[in-house]
Amino acid sequence: MRRAFYARPVLEVARDLVGCVVEHGGCAGVIVETEAYHDSEPACHAFVGLTPRTSTLFGPPGVAYVYRSYGIHALLNAVSEPAGIGAAVLIRALEPVAGVDAMFARRGVVRVEDLCSGPGKLTQALGIELTHNGTSLASGPIVFSPRPAAWRGVQVSVDRRVGITKAVELPWRFCAADSRFLSRRVRVARAA
DNA sequence: CATGGGATTGACT
DNA sequence: GTCAATCCCATGC
């Protein structure tokens with residue numbers, strides 16, 4: 001997708017990225033789970049303002065923001081909203097569609113459901129590293145492309161974000177309904 | 001310069 | 001269900 005796709009409200013970008021394709025390292029997968037982050041809320045790294053770490057988030061949209069989580073995992077985000085606004089979409093899970101053998105080799109698991117069903121898993125499966133921070137999602141090496149025809153009308157479920165301690169109430173997680181490749185099940189809304 | 005806290009995962013009880 | 005691994009960076013002295 002071009003830059004204009006990402007230069008929109010991050011909630012729209014997060015929803016619209018479900019069903020799109022991510023390619024890297026000879027592998028590809030369809031995005032089945034995303035989360036939105038915005039500098040107006042404390043769960044977002046950009047909440048603290050412009051620092052060396054957050055400069056990617058405040059930069060131009062359509063760029064990869066990759067950072068290390070828990071000292072171990074690289075997490076992939078798509079910088080969104082116009083430059084000057086710190087916002088990004090976290091890619092949390094993929095349905096593997098190409099290069100599955102390479103994914104198994106990188107992951108060392110036996111079930112296809114374990115390849116990309118989490119934000120740290122999918123970066124390992126695709127060989128995405130911290131050095132990809134700041135690279136264009138249009139020209140690569142990580143490339144995002146529009147929904148294949150079969151995903152054009154995908155049903156998207158909404159849920160609260162996973163693994164955060166602040167702004168936990170915001171319904172900013174978007175999942176392909178009924179996908180078996182999610183990092184966790186969508187929590188069904190409880191009756192009031 | 002020292003400290004502390006994670007947008008997680010996998011191994012283990 | 002619990003818990004440690006491990007590193008980047010924001011913050012505070």
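Each chain gets a letter, A, B and so on, in the order its sequence line appears, and its residues count up from 1. The model shown is predicted, which means the values in this text are computed figures rather than measured ones. All values below were derived from every heavy atom in this structure, side-chain atoms included, with hydrogens, water molecules and symmetry-related copies excluded.
Pairs engaging residues 128-137 of chain A under the side chain to side chain donor-acceptor pair (under 3.5 Å) rule: A:His24-A:His132, A:Thr56-A:Asn133, A:Ser136-A:Ser139 [sequence neighbours left out].
Taking the side chain as every heavy atom from C-beta outward, A:Gln155 and A:Asp178 never approach each other to under 4.5 Å. Annotation: side chain of A:Trp172 is not in contact with side chain of A:Ile164 (no heavy-atom distance under 4.5 Å). At least one side-chain heavy atom of A:Ile142 sits under 4.5 Å from a side-chain heavy atom of A:Leu137. A:Tyr65 is listed as a side-chain neighbour of A:Arg53, based on a closest heavy-atom distance under 4.5 Å. The shortest distance between side-chain heavy atoms of A:Arg173 and A:Ser183 falls below 4.5 Å. For the pair A:Cys27/A:Arg106, a side-chain contact is recorded, criterion being any heavy-atom separation below 4.5 Å from C-beta on.
One can place CG of A:Leu115 at 13 Å from P of B:dT9, the figure rounded to the nearest angstrom. Remark: C1' of C:dT6 and CD1 of A:Ile72 are 5 Å apart, rounded to the nearest angstrom. Look at CG on A:Leu76: it is 13 Å from P on B:dT9, rounded to the nearest Å. Remark: P of B:dT8 and CG of A:Leu122 are 12 Å apart, rounded to the nearest angstrom. A straight line from CZ of A:Arg161 to P of B:dA7 spans 10 Å, rounded to a whole angstrom. We find that CZ of A:Arg160 is positioned 17 Å from P of B:dA7, with the value rounded to whole Å. To the nearest angstrom, P of C:dA10 lies 11 Å from CZ of A:Phe58. Counting to the nearest Å, the P atom of C:dC7 and the CG atom of A:Asn133 are 18 Å from each other.
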Kindly give the atom pairs (protein nitrogen or oxygen, nucleotide nitrogen or oxygen) under 3.5 Å for nucleotides 4-6 of chain B.
none

Between the protein and nucleotides 11-13 of chain B, are there any N/O to N/O pairs under 3.5 Å, and if so, what are the atom names and distances?
none

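Each of A:Leu130 and A:His73 has a nearest nucleotide on DNA chain C; the 5'-most of these lies closest to A:His73. Nearest-nucleotide assignment on DNA chain B puts the 5′-proximal partner with A:Val89, out of A:Val89 and A:Gln124.
A salt bridge links A:Arg8 with A:Asp16: at least one charged nitrogen is closer than 4.0 Å to a carboxylate oxygen.
The pairing partner recorded for B:dA7 is none, the criterion being a Watson-Crick or G-U wobble arrangement whose two distances lie under 3.5 angstrom.
When heavy atoms are screened at a 4.0 angstrom cut-off, A:Arg173 is found touching no nucleic acid atom at all. Heavy atoms of A:Leu90 sit under 4.0 angstrom from at least one base atom. The residue A:Arg92 sits close only to the backbone: its heavy atoms come under 4.0 Å of sugar-phosphate atoms, none of a base.
Linking ILVMFWY side-chain heavy atoms closer than 4.5 Å, directly or via other members, places A:Ile85 and A:Tyr67 in two distinct hydrophobic clusters.
Here B:dA7 is the nucleotide among C:dA10, B:dT9, B:dA7 with the atom lying nearest to any side-chain atom of A:Tyr65. Across B:dG10, C:dA10, C:dT6, the shortest atom-to-atom separation from the side chain of A:Thr51 is found for C:dA10. Checking B:dT9, C:dA5, B:dA7 against the side-chain heavy atoms of A:Leu75 singles out B:dA7 as nearest.
Because its NZ or CZ atom is not both nearer than 6.0 Å to the ring centre of A:Tyr6 and within 45° of the ring axis, A:Arg3 does not count as a cation-pi partner of that residue.
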